[in-house]
Amino acid sequence: MTGIEYDDFLDLDYEPTDTDLVCEFTIAPASDMSMEAAASRVASESSNGTWAALHVDEAELTDLSAVACDIRENDGAGGNVTVAYPADLFEDGSMAQILSCIAGNIMGMKAVDSIRLEDCKWPETLVDGFPGPQFGTAVAREKLDAGDRPVLATVPKPKVGLSTDAHVDIAEQAWRGGVDLLKDDENLTDQYFNPFEDRVERSLSVARELTEETGEKKDYLVNITAETDEMVRRAEFVADQGGGFIMVDVVTAGWSAVQTVRDVAEKHDLAIHAHRAMHAAFDRMDHHGVSMRTLAQVARLCGVDHIHTGTAGLGKLENEDTPGINAWLKSDLYGTNDVLPVASGGLHPGVIDALIDALGTDIAIQAGGGIHGHPDGTEAGARALRQSVEASMQGLSLRDHADAGNPELAAALDKWGAETPR
């Protein structure tokens with residue numbers, strides 16, 4: 001009989017190797033647990049430990065134990081724990097299996113009052129099992145005509161309830177006003193009031209017309225989120241209609257589905273736009289769940305080209321470390337393509353200068369109400385957004401640029417100023 005003691009999973013002298021997956025957790029131990037005891041149980045439960053003695057010949061065991069190798073206690077209860085996982089613990093190219101280890105049962109353990117997966121350091125041996133993005137930030141130049149400025153996108157508003165006629169009309173106005181991309185929102189898929197195939201066919205037809213009219217490439221982020229086989233069929237339909245982009249609600253659809261879509265996207269030269277709907281169920285609390293930084297890492301490995309990462313506090317959603325997440329998405333990862341971060345949620349022309357100052361220009365900016373709520377309508381709202389970007393790129397104040405012959409921007413500033421919505 002052999003038993004695995006929890007102490008076997010704690011070694012504060014251990015130095016992670018280049019092939020270990022190294023994870024950072026914030027934990028608050030249960031009231032009767034020390035940090036060391038809780039940390040060892042996290043490493044045990046997320047690898048090959050168990051609570052009972054086993055009738056197993058040690059000679060038949062493969063050493064796949066995770067090691068809690070660093071503990072940094074806070075002034076109050078709890079602290080940060082580093083756990084190193086041997087690469088052989090994981091199935092090559094299976095994000096579902098990896099997450100079942102590092103963010104699985106441990107989230108419900110009684111040994112901790114709370115636990116949050118904050119960050120991962122991915123070894124090359126694991127990264128090589130994933131395709132990564134097909135295009136990444138290159139979409140601004142390879143599939144659009146954005147050049148050095150931010151890619152601009154919009155969601156017709158209201159995000160559900162518009163007829164196909166109204167949806168296409170708003171799209172035409174937005175494209176003519178200067179946005180690059182039309183975008184479905186997270187909950188518009190194939191409903192009776194705006195059927196998927198009709199919407200896609202008609203919208204992409206108008207996109208082609210506006211591309212010729214304006215001399216700038218116009219395209220459409222089509223939400224294909226559904227059961228996995230249906231997502232594949234929808235992606236193929238978008239490609240058949242000449243579209244260059246598809247969108248997936250990556251959290252609600254699931255990472256295995258995203259991996260399937262990534263394979264299909266490459267066959268049809270489609271870029272993948274990742275909407276992060278439901279992310280806050282994992283990352284909103286600062287003491288429990290999975291951080292947006294980690295979700296963004298997973299999305300990059302699985303192969304998305306764009307992902308929403310927040311607005312650095314300038315929109316309507318909860319603030320988060322948007323600059324840090326964006327920097328990781330653009331960092332070197334053993335040659336894997338980078339990801340274009342998307343700022344969205346409550347943006348309007350009056351905050352674009354501050355947004356670009358905070359996040360730079362190598363981003364996509366998606367505005368909904370901040371375009372369609374313009375006093376003079378959607379086309380004027382799109383022009384105002386484009387003008388605000390031009391001013392920011394030139395280092396001009398938004399008000400000075402508005403007063404220099406840009407009435408659409410002037411009207412937007414008069415309506416919204418630089419206030420951020422709730």
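Any value given below was found using the heavy atoms of this structure, including those in side chains, with hydrogens, waters and symmetry copies removed.
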Using atom types as modelled and distance alone, determine if a side-chain donor or acceptor of [X] lies under 3.5 Å from a backbone N or O of [Y].
| X | Y | value |
| --- | --- | --- |
| Arg262 | Gly132 | yes |
| Thr154 | Ala367 | yes |
| Arg234 | Thr189 | no |
| Asp263 | Thr260 | no |
| Asp70 | Thr82 | no |
| Thr309 | Thr322 | no |
| Gln191 | Gly161 | no |
| His372 | Val155 | yes |
| Asp305 | Ala271 | no |
| Ser44 | Arg41 | no |

Reference residue Lys143; test salt bridge (Lys or Arg N to Asp or Glu O under 4.0 Å); the match among Asp269, Asp219, Asp180: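 Among Asp269, Asp219, Asp180, the one that satisfies the salt bridge (Lys or Arg N to Asp or Glu O under 4.0 Å) with Lys143 is Asp269.
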Do NZ/NE/NH1/NH2 and the carboxylate oxygens of [X] and [Y] come within less than 4.0 Å?
| X | Y | answer |
| --- | --- | --- |
| Arg293 | Asp283 | no |
| Arg383 | Glu379 | yes |
| Lys218 | Glu209 | no |

Among Lys159, His308, Arg276, exactly one meets side chain to side chain donor-acceptor pair (under 3.5 Å) together with Glu186. Which residue is that?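 Exactly one option meets the side chain to side chain donor-acceptor pair (under 3.5 Å) with Glu186, and it is Lys159.
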Can you tell me how the ring of His306 sits relative to the ring of His273, calling it parallel under 30°, perpendicular over 60° and tilted otherwise?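 Rings of His306 and His273: perpendicular, as their planes differ by over 60°.
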Distance in Å, [X] [atom1] paired with [Y] [atom2], rounded so as to fall on 0.5 Å steps:
| X | Y | atom1 | atom2 | answer |
| --- | --- | --- | --- | --- |
| Thr294 | Phe282 | OG1 | CZ | 12.0 Å |
| Glu91 | Ile98 | CD | CD1 | 9.0 Å |
| Asp185 | Leu221 | CG | CG | 11.0 Å |

Suppose we screen for side-chain contact (heavy atoms from CB on, under 4.5 Å). Which residues come up paired with Glu236, at least two apart in sequence or across chains?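 Expected list: Val232, Val264, His268.
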Would you sort out whether Phe245 and Val238 count as a side-chain contact (heavy atoms from CB on, under 4.5 Å), showing the intermediate values? CA-CA 8 Å; Phe245 296 82; Val238 172; over 6 Å; no
Count the heavy atoms of every other residue, nucleotide or ligand shown that sit under 6.0 Å from CD of Glu227, and state whether that count exceeds 12.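 Enclosed: over 12 neighbouring heavy atoms sit under 6.0 Å from CD of Glu227.
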Quick one: side chain to side chain donor-acceptor pair (under 3.5 Å) partners of Asn187, sequence neighbours excluded?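 Side chain to side chain donor-acceptor pair (under 3.5 Å) list for Asn187, sorted by chain: empty.
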Those residues that, when tested against Asp184, pass side chain to side chain donor-acceptor pair (under 3.5 Å) (two or more places apart):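 Asp184 satisfies side chain to side chain donor-acceptor pair (under 3.5 Å) with Arg199, Tyr220 only.
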Does the Lys NZ or Arg CZ of Arg300 fall within the cation-pi geometry relative to Trp122 - under 6.0 Å from the ring centre and within 45° of the axis?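 Output no; distance or angle outside limits.
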Among Glu172, Arg176, Gln173, find the residue that satisfies the side chain to side chain contact (heavy atoms under 4.5 Å, CB included) test when tested with Thr378.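 Going through Glu172, Arg176, Gln173 one by one, the side chain to side chain contact (heavy atoms under 4.5 Å, CB included) with Thr378 is satisfied by Gln173 alone.
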